[in-house]
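Sequence lines set the chain letters: A, B, ... in the order given, protein chains first and strands last, and positions in each chain run from 1. Keep in mind the model is a prediction, meaning the values are calculated, not measured.
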Amino acid sequence: MQVIAGREENGSFTVHTPSSTANGLDEAGFAALARELEAAGPRWVFPSVELVYPVLVAAGVRVRRCYDVALAEGLLLAYEGVEGQSRSLRAAWARANDEEPPEEADAVELAQPTLFETHVPTLPEGVTMVTAVRRVLAEQERRVAAAEHPERLRLLLAAESASALAAAEMSADGLPWRADLHEQLLVSRLGPRVPAGQRPKVLVELAAKISEAFGGRPVNPDSPPSVVRALARAGIEVPAARKYLLKGIDHPAVGPLLEYKELSRLHAANGWAWLDEWVAEGRFRPHYVVGGVVSGRWASRGGGALQIPKVLRTCVRADPGWLLVVADAAQLEPRVLTALSGDRQLADVAAATDLYARLGEALFSGGRWVPAADDDRDDRARAKIAMLSAMYGGTSGEAGPLLGLLRQRFPAAVSYVERAAQAGERGERVRSRLGRTSPAPSAAWRALTGGLASDEAAELKARRASRGWGRFTRNFVVQASAADMTAVMLATLRQRLPAPAHLVFFQHDEVIVHTPAELAEEVSAAITDSVTEAARMLFGPACPVRFPMQIAPVETYADAK
DNA sequence: CACCCTCGCGCC
DNA sequence: AAATGGCGCGAGGGTG
């Protein structure tokens with residue numbers, strides 16, 4: 001059974017089933033009806049999960065299967081190479097009827113809704129939300145069928161929709177966060193709490209030390225230019241005030257400067273203000289943005305959910321009697337590249353749990369590789385650089401020669417990313433395994449790279465822009481395919497988790513499940529199975545690549561890894 | 001005053 | 001020497 005449910009312009013909800021339509025529902029009525037209908041295991045069709053589902057989640061209603069019309073529209077527009085169009089129901093309806101989509105607030109903004117966006121674009125007179133959804137749905141099905149691999153695109157739309165459900169649920173449930181431990185940590189590092197806008201005691205002292213080391217003239221350590229100027233006065237030329245540049249410098253100000261940078265970052269990004277704003281009732285509740293990144297990775301808005309610093313992970317703690325099952329896919333991207341390219345030799349390497357260690361042996365054991373004089377890395381570290389260079393397009397330092405060695409030994413894998421890079425350099429779009437599609441380069445890029453360069457400088461600029469876009473598309477095929485896989489994994493896992501265990505965090509290639517301790521084993525097994533299932537769905541049952549998960553049932557996130 | 005850019009650094 | 005991908009965010013510093 002299919003159920004269409006969404007918010008109307010007046011804020012009320014409509015729920016449409018094959019046998020009935022309920023109009024004018026308030027939030028409570030919507031939730032009650034949804035709970036009842038969910039028992040039959042329908043496929044819900046929402047104009048936008050993000051706009052509708054939080055209402056149900058807040059009322060304690062969870063749905064198993066859904067289809068997000070807006071997310072699907074965004075993926076299809078990208079697939080078709082249509083730029084600058086809104087993915088809203090209103091715009092999709094207009095396009096389905098060969099009409100010019102009306103002006104909306106801002107197509108870009110609507111394509112990536114901001115926090116708590118509740119604006120519902122007005123449909124034309126006489127067109128109901130349900131009518132529009134049905135029309136757009138039929139059109140989307142036609143567009144999927146016209147794609148090169150309809151079954152892959154269908155899987156992508158389903159997985160992305162399920163991801164949106166998971167995101168809304170995680171935002172509501174929240175990540176267990178011990179504010180008391182966080183405060184203790186802040187006080188021990190920074191000194192007693194200070195009002196917003198003030199420097200904590202320890203930072204004040206460090207700033208004074210820094211100025212003193214520069215001869216008493218005031219230097220603002222928060223201002224990179226100020227630091228660069230102060231160093232210049234001391235006879236030390238640095239291009240910028242970055243940490244890695246400062247590290248090698250012999251000057252009494254450097255020690256306190258580096259300490260200041262670290263602590264000031266803690267205070268500014270995750271200090272008392274952050275705690276007040278983002279943690280309540282023992283939970284950190286960030287807002288995840290599914291489809292927020294072109295490659296299919298999630299973004300987050302506010303709270304920096306995808307950058308929880310390592311030092312604070314000790315504050316992420318399971319409730320008494322519960323555990324956090326922290327799982328991350330080990331070296332996901334090189335494994336995805338192996339599967340994408342079908343590189344047999346690399347698949348043998350990817351049989352190892354530590355792919356880079358095994359790759360180091362394959363590349364360097366008994367080989368003729370002569371490391372650079374200043375290279376004190378081990379084989380594993382060198383192998384990692386070689387692989388990252390293939391996936392990111394790095395050429396500096398030893399990366400170039402290492403990539404050459406990798407190409408010699410694993411031509412299929414390396415040529416896969418190099419073809420993607422060449423396509424990007426020509427301004428073409430590339431696709432992930434399931435059909436996520438890279439955007440076309442900007443008009444400015446085309447102007448820069450398109451014409452005949454007038455002189456050498458212009459030629460160089462054009463070449464640089466072209467290479468830059470090639471690095472983007474090179475990385476896109478891998479990063480976006482990894483996002484395909486984690487979306488499918490998340491969709492599968494969400495279904496398989498034994499209640500009351502639930503997802504509380506997801507970040508690129510890592511999930512955290514909060515579970516009663518006695519279910520931790522079962523949760524771990526569900527995670528392993530979900531990854532295996534995702535790999536099978538993306539790459540087929542014959543795919544030889546292993547995707548090992550590092551799974552740790554822990555009391556605190558800090559104890560994972 | 002709002003707005004926008006760059007820098008720098010946190011995460012993957 | 002350099003030119004490794006994707007993000008969010010806060011501070012500084014400039015603009016209108």
Side-chain angles (χ1 to χ4, degrees), chain A residues 112 114-115 196-197 199 203 220-228 238-246 257-258 260-271 273-274 277-278 286-289 291-313 328-334 336-337 384-400 402-403 417 420-421 424 430 432 436 438-439 460-461 463-483 486 505-511 557 561:
Chain A
Q112 299 182 358
T114 49
L115 191 55
R199 261 185 198 159
L203 289 183
N220 179 6
D222 284 324
S223 166
S226 164
V227 172
V228 172
V238 281
R242 291 173 181 248
K243 196 164 71 177
Y244 71 96
L245 292 168
L246 298 181
L257 249 175
L258 291 173
Y260 182 94
K261 272 175 178 290
E262 188 184 330
L263 292 175
S264 139
R265 165 90 197 168
L266 174 66
H267 178 236
N270 298 98
W274 182 90
E277 188 174 355
W278 293 104
H287 177 82
Y288 297 99
V289 186
V293 181
V294 286
S295 67
R297 281 185 171 184
W298 293 13
S300 68
R301 297 275 180 272
L306 305 185
Q307 311 139 247
I308 298 170
K310 295 219 160 104
V311 293
L312 289 183
R313 294 186 178 183
D328 83 287
Q331 303 130 358
L332 178 62
E333 294 193 345
V336 165
L337 171 57
K384 190 170 175 179
I385 289 176
M387 182 55 82
L388 293 180
S389 304
M391 295 188 302
Y392 293 167
T395 54
S396 66
E398 273 189 302
L402 282 168
L403 178 54
V417 277
V430 296
S432 72
R436 290 186 204 274
S438 69
L460 188 68
K461 251 179 110 173
R463 193 73 204 126
R464 202 170 278 183
S466 171
R467 283 273 167 80
W469 199 255
R471 279 195 299 278
F472 169 60
T473 52
R474 169 196 291 267
N475 184 248
F476 184 94
V477 292
V478 179
Q479 191 183 111
S481 298
T486 52
F505 190 65
F506 170 66
Q507 175 179 230
H508 312 318
D509 59 359
E510 181 179 6
V511 294
Y557 190 13
K561 289 186 225 188

Taking A:Asn220's backbone N and O only, do any of them form a donor-acceptor pair with A:Ser226's side chain (distance below 3.5 Å, no angle check)? yes
Per atom distances to the A:Arg265 side chain, the nearest of B:dC12, C:dA3, C:dG8 is C:dG8
Considering only heavy side-chain atoms of A:Lys243, the closest of B:dG10, C:dT4, C:dG6 is B:dG10
- Does the C:dG6 base have a donor-acceptor partner in the side chain of A:Gln479 within less than 3.5 Å? no
Scanning both residues in full, the closest heavy-atom pair of A:Gln307 with A:Gln507 reads N-OE1, 4.0 Å
### Query
Does A:Trp274 reach the main-chain N or O of A:Ala268 with its side chain, forming a donor-acceptor pair under 3.5 Å?
no
Picking from B:dC12, C:dG5, B:dG8, the nucleotide nearest the side-chain atoms of A:Lys261 would be B:dG8
Separation between NZ (A:Lys261) and CG (A:Leu203), nearest 0.5 Å, reads 12.5 Å
A:Trp274 atom CH2 is separated from B:dG10 atom C1', nearest whole Å, by 13 Å
Exercise. Heavy atoms under 4.0 Å, any strand shown: does A:Arg297 hit a base, just sugar-phosphate, or nothing?
Worked result: base
Which of C:dG12, C:dG5, B:dG10 is nearest the side chain of A:Gln307? It is B:dG10
task = Answer with base, sugar-phosphate or nothing: what part of the nucleic acid does A:Ala268 contact at a heavy-atom distance below 4.0 Å?
result = sugar-phosphate
Original post:
Base, sugar-phosphate alone, or nothing: which one does A:Arg464 contact when heavy atoms must sit under 4.0 Å apart?
Top reply: base
Q | P spacing across the pair C:dA2 / B:dC7, given as an integer number of angstrom | A | 16 Å
Self-check item: Test item: A:Arg474 side-chain N/O and A:Ala390 main-chain N/O as donor-acceptor pair under 3.5 Å
Solution: yes
Point to revise | Whether A:Arg313 side chain and A:Ile308 backbone form a donor-acceptor pair below 3.5 Å | key: yes
With the side chain defined as heavy atoms from C-beta on, A:Arg313 is closest, among C:dC7, C:dG6, B:dC12, to B:dC12
At 4.0 Å (heavy atoms only), tell me whether A:Ser295 reaches a base, stays on the sugar-phosphate, or touches nothing. nothing
Here the distance between atom P of C:dA3 and atom CD1 of A:Ile385, to the nearest Å, is 17 Å
note: A:Arg467, atom CZ; C:dA2, atom P; distance rounded to Å ~ 17 Å
Whole-Å distance, A:Arg301 CZ to C:dC7 C1', equals 9 Å
Give one of base, sugar-phosphate or nothing for A:Gly303, where a contact means two heavy atoms less than 4.0 Å apart.
sugar-phosphate
A:Val293 has its side chain closest, among C:dC7, B:dG8, B:dC11, to C:dC7
- request: Verify the contact: side-chain N or O of A:Ser396 to OP1 or OP2 of C:dT4, cut-off strictly under 4.0 Å; return yes or no.
  value: yes
query: A:Ile308 near the nucleic acid: base, sugar-phosphate alone, or nothing, with a heavy-atom cut-off under 4.0 Å?
result: sugar-phosphate
Report task. Determine the contact category for A:Ala269: base if any of its heavy atoms lies under 4.0 Å from a base atom, sugar-phosphate if only primed atoms, P, OP1 or OP2 are that close, otherwise nothing. Result -> nothing
note: A:Arg242, atom CZ; C:dG12, atom P; distance rounded to Å ~ 18 Å
At 4.0 Å (heavy atoms only), tell me whether A:Ser226 reaches a base, stays on the sugar-phosphate, or touches nothing. nothing
From CG of A:Asp222 across to P of B:dC7 the rounded distance in Å is 17 Å
When rounded to whole Å, the CD to P distance for the pair A:Glu262 and B:dG10 reads 7 Å
- Please test A:Leu337 against A:Met391 for side chain to side chain contact (heavy atoms under 4.5 Å, CB included), starting from the C-alpha separation and ending with a verdict. CA-CA 8 Å; A:Leu337 171 57; A:Met391 295 188 302; 4.1 Å; yes
Next on the checklist: Regarding A:Ala305, tell me which of base, sugar-phosphate or nothing describes its non-hydrogen contacts under 4.0 Å with the strands shown.
Outcome noted: nothing
Rounded to whole Å, the CE-P distance (A:Met391 to C:dA3) equals 21 Å
Of C:dG12, B:dG8, C:dG6, the nucleotide closest to the side chain of A:Asn220 is C:dG12
Q. Between C:dG13 and A:Ser223, is there an OP1 or OP2 to side-chain N/O distance shorter than 4.0 Å?
A. yes
